[in-house]
K.L.:
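This structure is in structure tokens; I'll ask about it shortly.
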Amino acid sequence: MLAVQNLEVVYDDVVLALRGVSLEVPDGRIVALLGANGGGKSTLLRSLSGLLDVHDGEIRKGTVTLDGASVGQLSPSALARRGIKHVLEGRRVFKELTTEENLRVGAHADRRNLKTNLERVYGLFPVLRERRDGQAGLLSGGEQQMLAIGRALMSDPRYLLLDEPSLGLAPRVVEQIRDIVVEINGQGTGILLVEQNATMALEIAHHGYVLENGRVVMDRPAAELREDADVREFYLGLGAEGEVASSFRNVKHYRRRKRWAS
Ligand SMILES: Nc1ncnc2c1ncn2[C@@H]1O[C@H](COP(=O)(O)OP(=O)(O)OP(=O)(O)O)[C@@H](O)[C@H]1O
Ligand SMILES: [Mg+2]
């Protein structure tokens with residue numbers, strides 16, 4: 001199990017981004033991490049993948065543990081070798097390289113199972129096989145997101161950390177991404193899914209957390225969160241009768257802001 005206990009993270013020695021967060025990602029489960037802008041979702045993923053350093057962030061208190069052992073001070077590559085892979089927000093692919101070259105980069109640390117992993121990725125994303133020799137920069141947004149996920153899968157991770165994979169994608173593509181996350185999970189990979197699309201995330205997650213201002217304000221089975229009145233209103237944009245609630249405008253505003261920012 002991958003977990004954090006009472007985690008406190010500070011950026012630039014001053015910005016307190018996480019204020020005592022505890023969260024668990026059990027093996028083979030999908031855990032959704034929801035919350036408004038600036039809540040600390042990406043910071044939590046960085047804490048798990050060793051990427052805080054890059055952002056001048058630092059763990060001040062608490063621990064990151066893998067199977068009970070503290071791993072909070074390990075480098076990103078050491079954590080990747082232990083099976084933790086982070087897919088960053090904004091579908092970062094090497095645009096000048098071909099699709100397959102991007103996937104091969106994902107296997108750079110361990111080429112032993114390159115063929116098997118490549119076949120697995122092409123099995124999950126047939127469109128990437130079709131475009132294997134094409135330049136990655138010419139793929140659509142959804143295909144680039146698939147490539148970013150595919151690249152992470154090339155090391156056959158035990159845990160996949162996904163930061164807003166559906167951001168800015170058309171509803172049909174969001175559904176594809178959702179189905180693929182389920183399929184990857186079905187193959188045994190544990191998933192921590194950060195999503196602004198709470199509806200999608202709670203449809204497929206086993207468990208969910210809501211982060212606000214660096215604190216966990218909800219920690220419950222996803223099925224319960226789907227039914228929770230506050231979650232429905234603020235994160236799903238639905239009132240008690242399933243109607244659009246007064247806060248919907250805020251929810252929409254939030255989504256739009258995110259699209260512009262991406
Ligand atoms: N590189 C950084 N340097 C300084 N402060 C940062 C940095 N990254 C994030 N923060 C701050 O840390 C807090 C948490 O940000 P974080 O990006 O983790 O939130 P988030 O939940 O991922 O938000 P979003 O929904 O906008 O992606 C915010 O106050 C943010 O301004
Ligand atoms: Mg974020």
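Counting starts at 1 for both ligands and their atoms, following the listed order. Only a predicted model underlies this, so the values are computations on that prediction, with no experimental measurement involved. Position 1 is the first residue of the sequence, and the numbers go up from there.
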K.L.:
Can you name the atoms of ligand 1, numbered from 1 with element, that are less than 4.0 Å from a heavy atom of Asp12?
P.N.:
3 (N), 4 (C)
K.L.:
Without hydrogens or angle criteria, can the side chains of Lys85 and Ser155 be said to hold a donor-acceptor pair below 3.5 Å?
P.N.:
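Side chains of Lys85 and Ser155: pair found under 3.5 Å.
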K.L.:
What are the atoms of ligand 1, with element, lying closer than 4.0 Å to any heavy atom of His55?
P.N.:
1 (N)
K.L.:
Which of the atoms of ligand 1 are close to Glu89, meaning less than 4.0 Å from one of its heavy atoms?
P.N.:
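What qualifies from ligand 1 is 27 (O).
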K.L.:
Is a donor from one side chain sitting under 3.5 angstrom from an acceptor on the other, for Thr65 and Thr63?
P.N.:
no
K.L.:
Under a 3.5 Å cutoff, is there a donor and acceptor pairing between the side chains of Tyr122 and Glu100?
P.N.:
yes
K.L.:
Report yes if Gly35 has an N/O atom closer than 3.5 Å to an N/O atom of ligand 1; otherwise report no.
P.N.:
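Looking only at distances, the answer is no, because the N/O contact criterion of under 3.5 Å is not met.
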K.L.:
Go through ligand 1 atom by atom and flag the ones less than 4.0 Å from a non-hydrogen atom of Thr43.
P.N.:
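Atoms satisfying the 4.0 Å criterion: 14 (C), 15 (O), 16 (P), 18 (O).
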K.L.:
Give the numbers and elements of all ligand 1 atoms closer than 4.0 Å to a heavy atom of Gly39.
P.N.:
19 (O), 20 (P), 21 (O)
K.L.:
With the threshold set at under 4.0 angstrom, would you say Gln196 reaches ligand 1 through any of its heavy atoms?
P.N.:
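No.
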K.L.:
Any N or O on Gly40 sitting closer than 3.5 Å to an N or O of ligand 1?
P.N.:
yes
K.L.:
List the steps, then state whether side-chain contact (heavy atoms from CB on, under 4.5 Å) holds for Val210 with Val216.
P.N.:
CA-CA 6 Å; Val210 177; Val216 173; over 6 Å; no
K.L.:
Salt bridge or not between Glu8 and Arg19? Use side-chain N to carboxylate O under 4.0 Å.
P.N.:
no
K.L.:
Check whether Asn197 reaches the backbone of Met200 with its side chain - one donor and one acceptor, N or O, closer than 3.5 Å.
P.N.:
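Yes, Asn197 side chain to Met200 backbone: donor-acceptor pair under 3.5 Å.
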K.L.:
Identify, by atom number and element, the atoms of ligand 1 in contact range of Glu164, meaning under 4.0 Å from any of its heavy atoms.
P.N.:
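So the answer, numbered in order with elements, is 25 (O), 27 (O).
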K.L.:
May I ask you to identify, for Asp163, whether its side chain, its backbone, both or neither come under 4.0 Å of ligand 1 on a heavy-atom basis?
P.N.:
neither
K.L.:
So, 2.8 Å as the limit: is an N/O/S atom of Thr43 located closer than that to the Mg ion (ligand 2)?
P.N.:
no
K.L.:
Does Asp163 come within less than 4.0 Å of Arg91, counting only side-chain N to carboxylate O?
P.N.:
no
K.L.:
What atoms in ligand 1 come closer than 4.0 Å to a heavy atom of Arg46?
P.N.:
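Selected atoms, number and element: 8 (N).
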K.L.:
Taking the side chain as C-beta and beyond, is there a heavy-atom pair between Leu66 and Tyr159 under 4.5 Å?
P.N.:
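Yes. Closest side-chain heavy atoms under 4.5 Å.
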